[in-house]
Amino acid sequence: QDYENPFNSPIRLFHQSLLKDSLHQPEHLKEVGDYLFKEKHPEEAIYYYEQYLKSNTFNADICQKIGYCYEKQKHYSKAYQYYHQADITKPDHPWTIKHTAICCTHIDKYAEALACYRQLQKHDPENKNLLFNIGACLMELGKYEEALPIYYELYYHYDNIKTWRAIAWCTFLCKDYEHARSFYAKI
């Protein structure tokens, strides 16, 4: 290429002298952030949302969006911080709890992730993904005996290879080698 593609660089209109005063208005910062969020430009959206928060009252929805942008970039600690802030003013929001749990598993906060998944399970007790995540957190916490009944419940209702692997590993760690061997044979 002989030229630099202007569309490959961040869209930071906020820094352009012609637009700076106009875009510095909080409602414009949020609008630009929302546009960038919708168009899947998380890094740029974060910039505008954070500028918006600096000049405006706390907003749980914006914190959720910033957290999600950080999560999409795999910056789980930062995402976790923003989800926590959102939870303070908008507590027990299922979407925030779910994404907090996801981040917790990536930053080795398995006890907190487990608490989040259990909280979500109260509203959706039949959700197999929640059950599997609860089992995975228990495994990470070394609570194999607690995880095993959860995996067996999944086995009886949603028999699949993912469940077989979990049971095989869990029974092995519980020193139930006969059952572990039978599930490994299925794999």
Side-chain angles (χ1 to χ4, degrees), residues 34 37-43 45-46 49 59-187:
D34 286 343
F37 181 84
K38 183 180 151 212
E39 294 298 317
K40 298 182 173 124
H41 296 284
E43 186 177 341
I46 289 169
Y49 284 143
N59 184 315
D61 293 332
I62 297 298
C63 284
Q64 285 176 326
K65 288 179 178 180
I66 294 171
Y68 187 72
C69 289
Y70 276 122
E71 183 183 337
K72 285 292 154 197
Q73 295 179 76
K74 301 181 185 208
H75 298 299
Y76 299 109
S77 292
K78 293 278 270 186
Y80 170 81
Q81 291 169 2
Y82 277 98
Y83 290 146
H84 184 70
Q85 287 179 22
D87 191 55
I88 291 169
T89 54
K90 197 176 182 181
D92 302 325
H93 191 277
W95 187 93
T96 306
I97 295 167
K98 176 185 173 186
H99 287 272
T100 299
I102 291 167
C103 290
C104 284
T105 60
H106 286 283
I107 58 176
D108 299 332
K109 291 186 176 221
Y110 295 105
E112 191 172 343
L114 177 61
C116 290
Y117 286 129
R118 285 194 166 145
Q119 188 176 357
L120 290 169
Q121 188 186 29
K122 290 176 188 174
H123 304 290
D124 193 3
E126 300 300 315
N127 186 319
K128 65 181 176 181
N129 291 325
L130 287 176
L131 283 173
F132 196 85
N133 289 332
I134 288 169
C137 287
L138 289 168
M139 291 284 289
E140 289 294 336
L141 293 168
K143 298 180 178 185
Y144 313 122
E145 299 289 339
E146 272 185 72
L148 198 52
I150 291 168
Y151 288 134
Y152 274 120
E153 182 179 343
L154 285 167
Y155 173 67
Y156 291 118
H157 296 288
Y158 313 102
D159 188 18
N160 64 37
I161 194 164
K162 187 175 177 183
T163 306
W164 301 344
R165 280 191 186 116
I167 292 173
W169 183 239
C170 197
T171 54
F172 178 79
L173 293 173
C174 289
K175 298 183 180 145
D176 183 354
Y177 302 119
E178 184 179 325
H179 280 106
R181 196 174 299 118
S182 70
F183 276 95
Y184 277 121
K186 290 177 90 167
I187 299 171

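Everything numeric here is computed off the predicted structure, so don't read it as measured data. Hydrogens, waters and symmetry mates are skipped; everything else that's a heavy atom, side chains included, is used.
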Legend entry - Thr100: side chain to side chain donor-acceptor pair (under 3.5 Å) partners, not counting sequence neighbours: none

Inset, instruction - May I ask you to check whether over 12 heavy atoms, not counting those of His93, lie within 6.0 Å of atom NE2? - result: yes

Legend entry - Nearest heavy-atom neighbours spanning Ile97 and Cys116: CG2-O, 3.5 Å

Legend entry - Nearest atoms (heavy-atom pairs only) where Ala60 meets Thr89: CB-OG1, 3.3 Å

Legend entry - Sequence-distant partners of Glu140, side chain to side chain donor-acceptor pair (under 3.5 Å), two or more places apart: none

Legend entry - Gap separating the CD1 atom of Ile134 from the CG atom of Leu120, nearest 0.5 angstrom: 8.5 Å

Inset, instruction - Can you run down the salt bridge (charged side-chain N to carboxylate O under 4.0 Å, His left out) pairs that involve residues 165-182, sequence neighbours left out, and say none if there aren't any? - result: none

Legend entry - ring pair (Phe, Tyr, Trp, His ring centres under 6.0 Å) partners of Tyr152, counting only residues at least two apart: none

Inset, instruction - Using the test side chain to side chain donor-acceptor pair (under 3.5 Å), find all partners of Lys90 that sit at least two apart in sequence or belong to another chain. - result: Asp61

Legend entry - Contact list for residues 98-119, test salt bridge (charged side-chain N to carboxylate O under 4.0 Å, His left out), sequence neighbours left out: Arg118-Glu146

Inset, instruction - Would you give the length of the straight line joining atom CD1 of Ile150 to atom NZ of Lys143, rounded to the nearest 0.5 angstrom? - result: 11.0 Å

Inset, instruction - Return each pair, listed once, that meets salt bridge (charged side-chain N to carboxylate O under 4.0 Å, His left out) where at least one residue sits in residues 119-133; pairs must be two or more places apart or across chains. - result: none

Legend entry - Gap separating the OG1 atom of Thr105 from the CG atom of Asn133, nearest 0.5 angstrom: 7.5 Å

Inset, instruction - First locate atom CG of Leu114, then atom CD of Gln121, and finally report the distance between them rounded to the nearest 0.5 Å. - result: 9.5 Å

Inset, instruction - Check whether any side-chain heavy atom of Ile46 lies under 4.5 Å from a side-chain heavy atom of Lys78, and answer yes or no. - result: no

Inset, instruction - Verify, without hydrogens or angle tests, whether Thr163 (side chain) and Asp159 (backbone) share a donor-acceptor contact under 3.5 angstrom. - result: no

Inset, instruction - Using the ring pair (Phe, Tyr, Trp, His ring centres under 6.0 Å) rule, collect all pairs that involve residues 96-129, keeping only residues at least two apart or in two chains. - result: Tyr68-His99, Tyr76-His106, Tyr83-His99, Trp95-His99

Inset, instruction - Please name all residues satisfying ring pair (Phe, Tyr, Trp, His ring centres under 6.0 Å) with Tyr158, sequence neighbours left out, ordered by chain then number. - result: none

Legend entry - Non-neighbouring partners of Ala136 that pass side-chain contact (heavy atoms from CB on, under 4.5 Å), sequence neighbours left out: Tyr151

Inset, instruction - For residues Ala180 and Thr171, report the shortest heavy-atom separation together with the two atoms involved. - result: CA-OG1, 3.1 Å

Inset, instruction - Write down the atom of Ala113, the atom of Cys137, and the distance for their closest heavy-atom approach. - result: CB-SG, 3.8 Å

Inset, instruction - Please check if atom CZ in Phe172 has more than 12 non-hydrogen atoms from other residues, nucleotides or ligands closer than 6.0 Å. - result: no

Inset, instruction - Measure the CG-CG distance between Asp87 and Asp92 for me, rounded to the nearest 0.5 Å. - result: 6.5 Å

Legend entry - By side chain to side chain donor-acceptor pair (under 3.5 Å) - contacts of Tyr155 (at least two apart): Lys186

Inset, instruction - Could you tell me which residues satisfy side-chain contact (heavy atoms from CB on, under 4.5 Å) with Lys65, sequence neighbours excluded, listed by chain and number? - result: Asp34, Phe37, Tyr49

Inset, instruction - Determine the minimum heavy-atom distance between Ala79 and Glu71, stating which atoms define it. - result: CB-N, 3.6 Å

Legend entry - Rounded distance [0.5 Å steps], CH2 in Trp169 versus OH in Tyr144: 8.0 Å

